[in-house]
Amino acid sequence: MADGPFALVDCNNFYVSCERVFNPALQHRPVVVLSNNDGCAVARSNEVKRLGIKMGAPLFEFRDLVAQHNIEVLSSNYSLYGDMSNRVMQIVQGYSPLTEVYSIDEIFLNLKGMPFDLEAWALKLKKQVLDWTGIPVSVGIGATKTLAKVANRMAKKNLFHGGVFELKEDRRIEALKALSIEEVWGIGSRWGKSLRSLGIQTAYDLTEQDYRHIQKQFNVVLARTALELGGLSCMPLEVMVPRKQIRVSRSFGERITKYEPIREALSSFTARAAEKLRAQGSLTQAILVFIQTNRFNEKEPQHHQSIVMQLPVATDDTIMLLKAARKGLEKIYKPNHRYKKTGIILLDLTREANGQNDLFFEANPKRQALMEALDQCHEWFGRKSLHFASEGVKCAWQGRRGYVSAHQTTSWENLPKVYAK
DNA sequence: TCTGGGGTCCTAGGACCC
DNA sequence: TCTGGGGTCCTAGGACCC
C-alpha cells in the first residue's frame with residue numbers, strides 16, 4: 001500500500017475560510033482566529049500572515065497590530081469547523097477509494113493506477129470543493145506522502161498554478177534544493193538545528209546522506225523522511241485507525257484555587273472523553289488525571305502533577321470513569337495553589353470485542369442503555385441538554401470566548417436566512 | 001494581566017528476572 | 001579493588017504534527 005503517487009488536499013487558512021463562508025464581509029480583510037480561551041492565534045488569513053503575526057502568537061503581543069490594521073479577531077468555533085471539515089472530506093473521498101483524513105483540514109489520497117492527467121483531475125477536485133462548500137483548498141501531488149507535502153507547499157506559494165501542483169521526478173531535485181531543512185514535514189526547529197550543524201541545510205542535502213547514518217545519529221523517523229524525499233515511499237496511507245489515547249483538557253478562564261470547581265471541570269472533561277471513547281467503539285483500562293498551575297508565572301508556587309488510575313475492568317462507562325477521575329484528583333490536588341488547567345487522558349484503549357470479562361464484574365445492561373440514551377440526547381439536543389451533577393452548574397472554569405461567531409451549520413437558531421426578492 | 005488543545009512515535013533508563 | 005550479562009517491561013520525557 002505504500003505505492004504512490006499520493007495527493008495531499010489541504011484547506012487554505014481553514015478556520016478563517018470557514019468564517020468567511022458565512023460572513024463574506026471578511027473577504028480580503030485581515031482575519032485571525034484565536035485558540036480556546038482567546039489565548040493565541042491558531043489561524044491567520046494571508047493578510048495577517050503578511051503582517052508578521054506568527055502561528056501561536058499570544059493575542060496580548062499583537063494587540064497593537066489589531067488596532068493599527070483593523071484586524072478582525074474571532075474566538076474559535078469548533079462545531080462550525082468540524083462540520084465544514086466533514087463536508088470537505090466527503091467530497092474529496094469521492095475522488096479515491098483510498099484516503100487518510102490526516103487532520104481537520106488535510107486529507108491524503110492514494111492515486112495508484114490513476115492514468116489520467118493528474119493536474120487536471122486535481123483542478124476539478126479543487127473546483128468542486130469550492131463550489132459545494134465555499135472552502136478554497138490546495139492540492140499537492142508527489143511520489144510519496146512527504147513529497148506530496150512539498151508539492152502542496154509549492155501549490156500554495158505559486159498561485160499561478162491555480163492552487164494545484166504535481167511534483168514530477170524531473171523537477172524533484174530542483175524543488176528540494178530550494179526547500180530549507182526546517183520546512184520539511186517531520187523536521188522541526190530542534191532537529192533542523194542539529195542537521196544544520198552537520199552541514200545539512202536543505203531538503204536536498206538530507207537525501208544525499210546515507211539513511212543508515214541518519215538512523216544511527218537520529219532515529220528511524222528521520223531516516224524514513226530522508227528516503228521519502230528521495231522518492232521511496234515508506235509511510236503508507238493509514239485508513240481509519242482508532243485512536244490510542246483520548247485526551248480532554250482546557251485552561252480555565254481564571255485561575256482556580258478551590259477544589260470543588262476544579263472537580264467540576266474535570267468531571268465535564270471526563271464525561272466528554274467517555275463520549276468520544278464510545279463513539280470510536282473502544283474501552284479504556286487506565287486513565288491519567290493531571291492538574292497544572294501557570295508555568296509562565298515563575299513567581300507563583302508551581303504544581304504540576306499527574307496520576308494514573310488503573311480501572312478494575314476495561315470500560316466505557318462514564319460513571320465508573322467519573323469515580324476514578326475524582327479519586328485521582330483527590331490524590332494530587334494541593335490547596336493554596338492557583339491552578340490554570342486540568343485534564344484527563346484515557347490510556348490503554350482496546351476494541352470492545354477484545355475487552356476482557358472480569359469474573360467479579362458483570363456488564364450492566366441498564367448502565368449501557370443509560371449511556372446510549374445520554375449519547376443520543378447529546379446528538380439531538382446538544383451537549384448542554386443533559387449532564388452529570390458532578391459537572392456542576394456554575395462552570396466557574398469556563399474559558400473566555402469573547403469574539404465567537406454563530407453556529408451556522410449545527411444549530412437551528414443560527415441557520416443563515418435567505419430572502420428572495 | 002493576557003501565552004491552546006489533542007494527537008503520534010521514539011528513546012533512555014530503571015526495575016526486575018533468570 | 002573486585003562486585004555478570006542479557007532480556008523484557010514500563011515510564012518519563014522529548015521530539016514532531018496540525
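These numbers come from the heavy atoms of this one structure, side chains and all, not from hydrogens, waters or symmetry mates. Numbered from 1 within each chain, the chains take letters A, B, ... in sequence-line order.
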Counting any heavy atom closer than 4.0 Å, what does [X] reach on the DNA or RNA strands: base, sugar-phosphate only, or nothing?
| X | result |
| --- | --- |
| Ser189(A) | sugar-phosphate |
| Asn219(A) | sugar-phosphate |
| Glu61(A) | nothing |
| Ile345(A) | nothing |
| Val308(A) | nothing |
| Ile104(A) | nothing |
| Arg243(A) | sugar-phosphate |

Flag the pair [X] and [Y] as a salt bridge only when some basic side-chain nitrogen lies within less than 4.0 angstrom of an acidic carboxylate oxygen.
| X | Y | answer |
| --- | --- | --- |
| Asp38(A) | Arg401(A) | no |
| Glu330(A) | Arg326(A) | yes |
| Glu106(A) | Lys149(A) | yes |
| Glu174(A) | Lys177(A) | no |

Spacing of [X] atom [atom1] relative to [N] atom [atom2], expressed in whole Å:
| X | N | atom1 | atom2 | value |
| --- | --- | --- | --- | --- |
| Ile246(A) | dG5(B) | CD1 | P | 18 Å |
| Leu288(A) | dA12(C) | CG | C1' | 11 Å |
| Met235(A) | dC10(B) | CE | C1' | 13 Å |
| Gln217(A) | dA15(C) | CD | P | 16 Å |
| Asn152(A) | dC17(C) | CG | P | 15 Å |
| Gln310(A) | dT11(C) | CD | C1' | 12 Å |
| Ile187(A) | dA15(C) | CD1 | P | 15 Å |
| Leu347(A) | dC9(C) | CG | C1' | 16 Å |

Does a side-chain N or O from [X] land closer than 4.0 Å to OP1 or OP2 of [N], or not?
| X | N | value |
| --- | --- | --- |
| Arg255(A) | dC2(B) | yes |
| Lys149(A) | dC18(C) | yes |
| Arg247(A) | dT8(B) | no |

Checklist entry - When the C1' atoms of dG4(B) and dC17(C) are considered, how many whole Å apart are they? => result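 To the nearest whole Å, 15 Å.
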Nucleotide of [options] approaching [X] most closely (side-chain heavy atoms):
| X | options | result |
| --- | --- | --- |
| Gln245(A) | dC2(B), dG5(B), dT8(B) | dT8(B) |
| Lys276(A) | dG6(B), dA15(C), dT8(B) | dG6(B) |
| Arg250(A) | dG5(B), dC2(B), dC18(C) | dG5(B) |
| Asp105(A) | dG5(B), dC18(C), dG4(B) | dC18(C) |
| Trp191(A) | dA15(C), dT8(B), dC17(C) | dA15(C) |
| Lys340(A) | dC16(C), dC10(B), dT3(B) | dT3(B) |
| Lys244(A) | dC2(B), dG4(B), dC9(B) | dC9(B) |

Checklist entry - Taking the six-membered ring for Trp, does Phe60(A) stack with dT1(B) (centroid gap under 5.5 Å, planes within less than 30°)? => result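 Not stacked: fails the 5.5 Å / 30° test.
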Checklist entry - For the residue pair Thr133(A) and Ile135(A), what are the closest heavy atoms and their distance? => result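 Result for this residue pair: OG1-N, 3.1 Å.
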Item to check | Atom of Pro261(A), atom of Ile256(A) and distance for their closest heavy-atom approach | outcome: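 Heavy atoms only, the tightest pair is CG-CG2, 3.6 Å.
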Item to check | 5' precedence on DNA chain B between Arg63(A) and Arg224(A) (nearest-nucleotide basis) | outcome: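 Upstream on the strand: Arg63(A).
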Next on the checklist: For Val221(A) and Ser251(A), find the nucleotide of DNA chain B closest to each by heavy atoms; which residue's nucleotide sits nearer the 5' end?
Outcome noted: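 Whichever sits nearer the 5' end wins; that is Ser251(A).
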Item to check | Phe108(A)-Phe6(A) aromatic ring centre distance below 6.0 Å | outcome: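 Distance test on ring centres: not under 6.0 Å, no.
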Item to check | Base partner of dC16(C), which must satisfy Watson-Crick or wobble distances under 3.5 Å | outcome: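 WC or wobble partner is dG7(B).
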